[in-house]
Amino acid sequence: MKPVTRRDFLALSAAAAGGYGLAQWGVSAWAQSLKPGEKFDLLIKGGDVVDPGQKLRGVRDIGIRNAVVAAIAPDIPVAAASRVVNAKGKIVTPGIIDLHAHVFPLGSAIGLPADELAPITATTTFVSAGDAGANNFGALKHYIIGQVRSRVYAFVHISSIGLAGYPVLEMKDIDYANVDAAAKCVAENADVVLGIKVRQSANVVGRNGLEPLKRAIQAAERSGTKARVMCHIGGVPGNIADLLDMLRPGDVLTHAFSGSGNNTVQDGKVVPAALAAKQRGVVIDVGHGGGSFDYTVCEPAIQQGFGPDVISSDIHASSGNSPGKPFMPWVMSKFLNLGYTLEQVVAMSTINPAKVIDRLPKLGTLQIGAPGDVSIFDLIEGPVKFVDTRKHEREGQRHLRPVHTIRAGRVFGGPPYFVPSTYP
Ligand SMILES: [Zn+2]
């Protein structure tokens with residue numbers, strides 16, 4: 001017989017003193033996470049948990065207490081929680097992370113409010129992709145990041161005005177690309193700033209060629225932090241290999257499957273510099289948006305080993321009204337029908353972007369101690385039609401529909417949970 005350890009004894013005492021009869025529930029790992037008299041704030045019950053960050057797939061209950069995941073176990077009784085979300089038959093994932101979004105309403109011309117996007121996209125973390133530059137980053141930090149319930153990180157634009165000039169394009173005047181100001185902004189806000197954003201389309205940079213990217217890299221290096229560069233492509237001037245060769249390991253190539261000319265795929269073949277970039281650790285990001293996702297680029301790219309590392313939406317006030325519907329669950333669903341498994345799609349929307357963010361331990365997972373950010377979906381089986389940003393249509397067989405968004409243990413929107421006495 002296994003001897004009773006001190007740890008077992010403490011768990012037994014805690015469970016007993018907490019009022020959870022041992023005869024009824026036995027001694028479970030979950031009970032050890034509660035002190036006498038405590039309950040979970042929220043219990044997500046019976047969902048099919050998909051958490052690639054800890055290689056977990058299966059029906060589990062998740063107990064959240066004090067804003068973090070306190071327990072994850074096959075069966076946690078409803079009486080051990082103050083509130084219960086019934087997730088039976090649903091897909092439960094770590095809170096979805098959108099690495100390329102535009103969430104600076106009023107400050108950038110195309111921003112949307114993160115907290116309005118959160119419940120309709122089951123997204124708990126947004127990365128502002130260059131909405132603000134050094135001159136207006138303070139407003140993003142204090143008026144948005146400081147006030148929203150959603151988690152928000154940011155890339156600072158190499159243009160000191162960010163996207164505030166839209167539709168006047170921010171890199172036509174290279175004098176906006178102030179390396180010292182951008183570097184200082186990164187360094188002073190390293191808690192939430194991941195690096196520098198630059199848009200390298202010909203229409204954005206005018207006659208300035210690759211100079212904006214050069215300055216973005218200089219600013220990242222001059223910041224004295226491990227700042228990344230997020231480089232937007234699509235209609236890049238000159239040879240795209242010159243741009244790709246400049247990207248450093250850890251930098252992010254966004255709109256990687258754009259069909260706007262001079263793409264990562266040319267004549268059906270991934271350009272060697274793109275494959276080389278991926279191999280040396282450049283992060284390949286979708287950034288779907290209103291004009292940056294082309295099936296005829298993405299499909300051969302995937303076949304030739306240039307698939308995405310991260311799925312992101314590039315959602316903003318304009319792209320959100322475009323036929324490709326660049327909302328995270330819909331973009332994830334496109335990849336679900338491009339041959340990726342649900343686990344792979346969830347990894348590219350949780351743990352992979354969390355590693356790029358690299359600011360918060362266990363973000364992007366549902367491990368014990370992880371932030372209590374959880375997304376719940378219906379996985380709907382049946383024919384579905386998708387369209388990219390260049391009018392190519394594809395038929396699919398299943399898609400994800402958001403059901404609930406939970407941030408730090410609190411459910412967005414109305415109270416969709418049950419108190420234990422009314423649990424069905
Ligand atoms: Zn964007």
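By convention here, the first residue in the shown sequence is residue 1.
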- prompt: So do the side chains of L336 and H399 get within less than 4.5 Å of each other, counting heavy atoms only?
  reply: no
- prompt: Can you list the steps and then say if V69 with I62 is a side-chain contact (heavy atoms from CB on, under 4.5 Å)?
  reply: CA-CA 7 Å; V69 175; I62 300 167; 4.1 Å; yes
- prompt: Quick one: does S33's side chain have a donor or acceptor within less than 3.5 Å of a partner on A71's backbone?
  reply: no
- request: Using a cut-off of 6.0 Å, state whether more than 12 heavy atoms not belonging to R248 lie near its atom CZ.
  value: yes
- prompt: Quick one: does S258's side chain get under 4.5 Å of D294's, heavy atoms only?
  reply: no
query: Taking 4.0 angstrom as the limit, do D51 and R60 come out as a salt bridge?
result: no
message: Please determine whether a side-chain nitrogen of the Lys or Arg among D373 and R407 lies less than 4.0 Å from a carboxylate oxygen of the Asp or Glu.
response: yes
message: Once side-chain hydrogen bond (donor to acceptor under 3.5 Å, both in side chains) is applied, what residue pairs with a partner in residues 265-276 remain, sequence neighbours excluded?
response: N262-Q266
statement: Contacts of Y166 meeting ring-ring contact (aromatic ring centres under 6.0 Å, His included) (sequence neighbours excluded), chain-then-number -> none
- prompt: Take atom CD1 in I380; do more than 12 heavy atoms of anything else shown fall under 6.0 Å from it?
  reply: yes
- prompt: If you look at every heavy atom in L363 and A354, which pair is closest and at what distance?
  reply: O-CB, 3.1 Å
- request: Sort and list the pairs that fulfil side-chain hydrogen bond (donor to acceptor under 3.5 Å, both in side chains) and have at least one residue in residues 131-146, not counting sequence neighbours.
  value: H102-D131, S108-D131, S128-D131, K141-N189
I311 and its side-chain contact (heavy atoms from CB on, under 4.5 Å) partner, picked from V331, T350, L99: V331
message: For a quick check under 3.5 Å, do K334 and H288 share a side-chain donor-acceptor pair by atom type?
response: yes
- request: Find out whether M230 and L253 are in side-chain contact, i.e. whether some heavy atom of one side chain is under 4.5 Å from a heavy atom of the other.
  value: no
- prompt: Less than 4.0 Å between a side-chain N and a carboxylate O, is that true for K90 and D378?
  reply: yes
query: Between atom CD1 of I284 and atom CG of N352, what is the distance when rounded to the nearest 0.5 Å?
result: 12.0 Å
Basic-acidic side-chain contact under 4.0 Å: D41, R83: no
- prompt: Are the ring centres of H100 and H255 closer than 6.0 Å?
  reply: yes
- request: Not counting sequence neighbours, which residues clear side-chain contact (heavy atoms from CB on, under 4.5 Å) with A177? List them please.
  value: I158, M171, I174, R215
- prompt: How many angstroms lie between atom CG of L213 and atom CD1 of I233, to the nearest 0.5 angstrom?
  reply: 11.5 Å
field: D180/R222 salt bridge by N-O under 4.0 Å criterion
entry: yes
query: For the atom pair CZ (F327) and CD1 (I120), what is the distance rounded to the nearest 0.5 Å?
result: 5.5 Å
- request: Report yes if the side chains of L244 and I240 come closer than 4.5 Å at any heavy-atom pair, otherwise no.
  value: yes
field: Within-4.5 Å side-chain heavy-atom neighbours: H232 and V198
entry: no
query: Any donor-acceptor pair under 3.5 Å linking the side chain of Q147 with the backbone of I144?
result: no
message: Do V286 and V310 make a side-chain contact, defined as non-hydrogen atoms from C-beta onward lying under 4.5 Å apart?
response: no
field: Check: H157/E170 side-chain N/O donor and acceptor closer than 3.5 Å
entry: yes
- prompt: CD of E188 to OG1 of T225: how many Å apart, nearest 0.5 Å?
  reply: 12.0 Å
field: Close side-chain approach of D285 and D309, heavy atoms under 4.5 Å
entry: no
task: Nearest 0.5 Å please: distance from the CZ atom of F126 over to the CD1 atom of I96.
output: 10.5 Å
Intermediate values then yes/no, side-chain contact (heavy atoms from CB on, under 4.5 Å), L163 and R199: CA-CA 10 Å; L163 297 177; R199 300 203 303 156; 3.9 Å; yes
- prompt: What distance do S82 atom OG and I64 atom CD1 have between them, rounded to the nearest 0.5 Å?
  reply: 12.0 Å
message: For K184, I'd like to know if atom NZ has over 12 heavy atoms of other residues, nucleotides or ligands within 6.0 Å.
response: no
- prompt: Between R228 and D251, is there a side-chain N and carboxylate O pair less than 4.0 Å apart?
  reply: no
message: Any heavy-atom pair between the side chains of V49 and R57 that's under 4.5 Å?
response: no
- prompt: Using a distance-only test with no angle check, is there a side-chain donor-acceptor pair under 3.5 angstrom linking T123 and D98?
  reply: no
statement: Closest non-hydrogen atoms of V186 and A227, given as atom of the first, atom of the second and distance, are CG1-CB, 3.8 Å
Salt-bridge criterion met for R394 and E299 (N-O under 4.0 Å): yes
- prompt: Taking only residues two or more places apart in sequence or in another chain, which ones pass side-chain contact (heavy atoms from CB on, under 4.5 Å) with P119?
  reply: F412
- prompt: Considering residues at least two apart in sequence or located in another chain, which fulfil the ring-ring contact (aromatic ring centres under 6.0 Å, His included) criterion with F335?
  reply: F293
